[in-house]
Each structure stands twice: as structure tokens, then as C-alpha cells.
Amino acid sequence: MNIAFSRLDDTIARFTLGDSSPAFANAFRRTMIGEVPTLAIEDVRIYDNNSALFDEMLAHRLGLIPLTTDLRTYVRMEECTCGGEGCPGCCATYTLSVEGPRTVCSSDLIPQDPATAPVHDNIPIVKLVEDQKVVLEARAVLNTGKEHAKWQPTLACGYKSYPVITIDDRCDACGMCVDECPRGVLALGSRSVEIVEAKLEDCSLCKLCEKACLAGGIGENPAIHINQDDTRYLFVVESDGSLPVREIMEYALLRIKKKSEDLVDILNDISGGTVHEASS
């Protein structure tokens, strides 16, 4: 397996996963979405709320606010030395006290630990009019997207197979496939259609060019062929800001490795060690 990045920053990664398989590509995607832990508000103690939102709706909105997460500082409650009672090692606490008229935003959520502040300051929570007030305390815990979508660290995480375009000698450069391509991947050359430089990865595998070629009367088979490489995949991963996208990828890969090792250990116990010998 190898990874080649075309873009990598704190929030977005675009890369090609090579020497892989459909099973691993999908496992990688699912692990990044559902098994990388982040902080999210789970418990809310409301002291005063006469806004237009019911307490339950207010708590739900708070839970969906992305929170900056440091996986080196916080652990999941079931793994914490406090035994799940709640302590600074597994919980981040917040306070909010706002009176109207104004819009309550995520910037009004004051963290006890500044390192766990909301990712964005301008997320609206509720609009207050005159004489309305919201006073509450909130507690965020570490969990994963398998438990609830509010713990998912990604806004977008998907992939497609790497496109493979071949143009044979029967191409007469009629240009019909060029006109039909919605992504501008093809261009008219001197003797045949050509692939625009650096545009191959934009191909959506729609095969409209193949249909256009056949409509031109070239015969029963088109002169242009669209296929996919089942060992290479184009990924796009966008973080919600709670974790850098690089950390999301690294944690997911380590998680897959750990689960694979655990599976090998279980199979070894069942088979008496033959699985380990075969894999080594």
C-alpha cells in the first residue's frame, strides 16, 4: 500500500491510495468516519432556558458543535482511571450564560480547558429576544461516530476508483466525445482525441464519451474505452476541524492494524498457532 498526496492541510486531504484493494479502501473510509474518537457534548445541565427552543433541542444543537480535540490529553470514559465517573482526563466542561436580545453562538460556550474550545466561533445556537435567557453547564466526552454522528471527525470522506482511459487507433478525431465530456478531460488532438494533462483524475467514469463515439457511427465498439484501476483509489477527506485530517488518517490506519493483529491472535488461539506461521 502507498499513499500519494495531491493536497494536504489541516482540514482537507486529497490523495491516491495505491497497491490496495476495494476491501481495504472501504475499511479505511469507514474507520476514518466511525472509529476515530473526538470530543462532543453529551450531558447538559440547564439552569435557565426561556428561549424558543425546548431544552432537548438546545442540548441537541450543542452536541453538534465541533470541539477541538487532543487525543493525547483525553481518553474515553470507560478507559479512564476514574472508572467512568468523569474527571478532567476524560471530560471537558463548558459554561454558557447569555441574555437577550442577541443570538447565542458557539463563542458563548466557555471551556474550562481552552484547548477544547469550539472549532468555529460563529455557529448560531439560538436567537434570544428581550427578557429571554439561557444559562447552562455542559460536559463533553470522547467517543466515536459508531455511537453517534456528532462524534464523526469528518464532514466528507469518500473515494472512487482511479480512471483508466484508452484511445485506440480507430479514433478519427471527430470530437463528439470531447463535446460530451462533462469534466473537460478530453481534448481534440491533431490525429485523435487526447487526454488533457492533469485532468485524468477528474474523470467521473460516466462513459458518456463512449456513447458519443458509438453515436458517431464508428461501429459496434467505441474507439475510446473508460475503465477503472481496482488497485488505485482517489480519496477526499475533509475534517470538521476537531482533529487535523492527517491525525484522522494516522489514527484510522493504526486502528485497522490493531484490529487485524487482534484477529490474527484470535485465529491463532483457534488454530493452535498455524495462522501466525502462515502469515510470517
Side-chain angles (χ1 to χ4, degrees), residues 10-12 29-71 73-80 82 84-158 237-245 248:
D10 284 346
T11 57
I12 297 179
R29 178 189 68 86
R30 291 172 64 91
T31 305
M32 285 190 285
I33 294 173
E35 298 191 42
V36 179
T38 62
L39 285 171
I41 291 175
E42 173 71 352
D43 303 309
V44 181
R45 179 174 293 178
I46 298 176
Y47 297 106
D48 195 354
N49 174 30
N50 59 350
S51 69
L53 292 184
F54 293 114
D55 291 352
E56 294 83 358
M57 294 178 66
L58 184 62
H60 177 67
R61 287 196 174 192
L62 291 171
L64 295 176
I65 296 174
L67 304 175
T68 306
T69 303
D70 186 351
L71 296 178
T73 302
Y74 293 90
V75 298
R76 297 178 65 164
M77 293 186 72
E78 58 267 28
E79 300 170 359
C80 187
C82 71
E85 294 294 327
C87 71
C90 61
C91 299
T93 57
Y94 303 80
T95 58
L96 186 149
S97 180
V98 180
E99 294 186 22
R102 56 166 293 192
T103 299
V104 183
C105 293
S106 52
S107 58
D108 297 310
L109 201 58
I110 309 302
Q112 184 177 19
D113 179 3
T116 62
V119 173
H120 304 289
D121 294 334
N122 58 349
I123 300 174
I125 299 173
V126 62
K127 186 174 182 179
L128 302 179
V129 298
E130 191 72 36
D131 297 327
Q132 288 186 337
K133 180 191 297 186
V134 173
V135 181
L136 57 83
E137 289 182 356
R139 184 178 73 167
V141 298
L142 210 62
N143 214 324
T144 64
K146 291 178 69 174
E147 182 69 23
H148 192 282
K150 66 184 179 182
W151 280 295
Q152 290 181 4
T154 57
L155 298 176
C157 184
V237 183
E238 183 177 356
S239 169
D240 66 357
S242 56
L243 290 169
V245 70
I248 293 173

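Since this is a predicted model, take the numbers as computed values, not measurements. Residues take their numbers from the sequence shown, with the count starting at 1.
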Examine distances only and state if a side-chain atom of Glu85 and a backbone atom of Cys82 form a donor-acceptor pair shorter than 3.5 Å. no
Once rounded to the nearest 0.5 Å, what's the spacing between atom NE2 of His148 and atom CG of Leu64? 7.0 Å
Shortest non-hydrogen pair, Ser106 vs Asn122, comes out as OG-N, 3.6 Å
Heavy atoms, side chains only, cut-off 4.5 Å: are Pro88 and Asp113 in contact? no
Would you say the side chain of Asp131 lies within less than 4.5 Å of the side chain of Val129, judging by non-hydrogen atoms? no
Heavy-atom closest contact (Gly86 atom, Arg139 atom, distance): CA-NH1, 4.0 Å
May I ask you to decide if Lys133's main-chain N or O and Glu99's side chain share a donor-acceptor pair within less than 3.5 Å? no
Nearest heavy-atom contact between Arg61 and Ile125 is NH1-O, 2.6 Å
Kindly say whether Pro244 contributes a backbone atom to a donor-acceptor pair with the side chain of Ser239 at under 3.5 angstrom? no
Check whether any side-chain heavy atom of Cys91 sits under 4.5 Å from a side-chain heavy atom of Met77, and report yes or no. yes
Does Thr116 reach the side chain of Thr73, with side-chain heavy atoms less than 4.5 Å apart? no
Derivation and outcome, side chain to side chain contact (heavy atoms under 4.5 Å, CB included), residues Leu142 and Leu71: CA-CA 9 Å; Leu142 210 62; Leu71 296 178; 4.1 Å; yes
Apply the side chain to side chain contact (heavy atoms under 4.5 Å, CB included) test between Pro66 and each candidate in Ile123, Thr38, Leu155, Leu243; give the one that qualifies. Ile123
Where Cys105 and Asp121 come nearest, the two heavy atoms and their spacing: CB-O, 3.6 Å
Nearest 0.5 angstrom please: Lys146 NZ to Arg30 CZ, how far? 8.5 Å
Inter-residue atom distance Asn49.CG - Gln132.CD, 0.5 Å rounding: 8.5 Å
Output for pair (Asp48 CG, Leu96 CG), nearest 0.5 Å, gives 11.5 Å
Point-to-point distance, once rounded to the nearest 0.5 Å, from OG1 of Thr154 to CD1 of Ile33: 5.0 Å
Under 3.5 Å: donor-acceptor pair, side chain of Ser242, backbone of Thr69: no
Check whether more than 12 heavy atoms from other residues, nucleotides or ligands sit under 6.0 Å from atom CZ of Arg102, and answer yes or no. yes
Atom pair NZ (Lys127) and OG (Ser51), whose distance is rounded to the nearest 0.5 Å: 13.0 Å
Please name the pair of heavy atoms, one in Asp108 and one in Thr103, separated by the smallest distance, quoted to 0.1 Å. OD2-O, 4.1 Å
Within a strict 4.5 Å, meaning less than it, do heavy atoms of the Arg76 and Val141 side chains meet? no
If you take all heavy atoms of Gln152 and Asp240, which pair is closest and at what distance? O-OD2, 3.3 Å
Check: Tyr94 and Ile65 side chains under 4.5 Å, non-hydrogen atoms: no
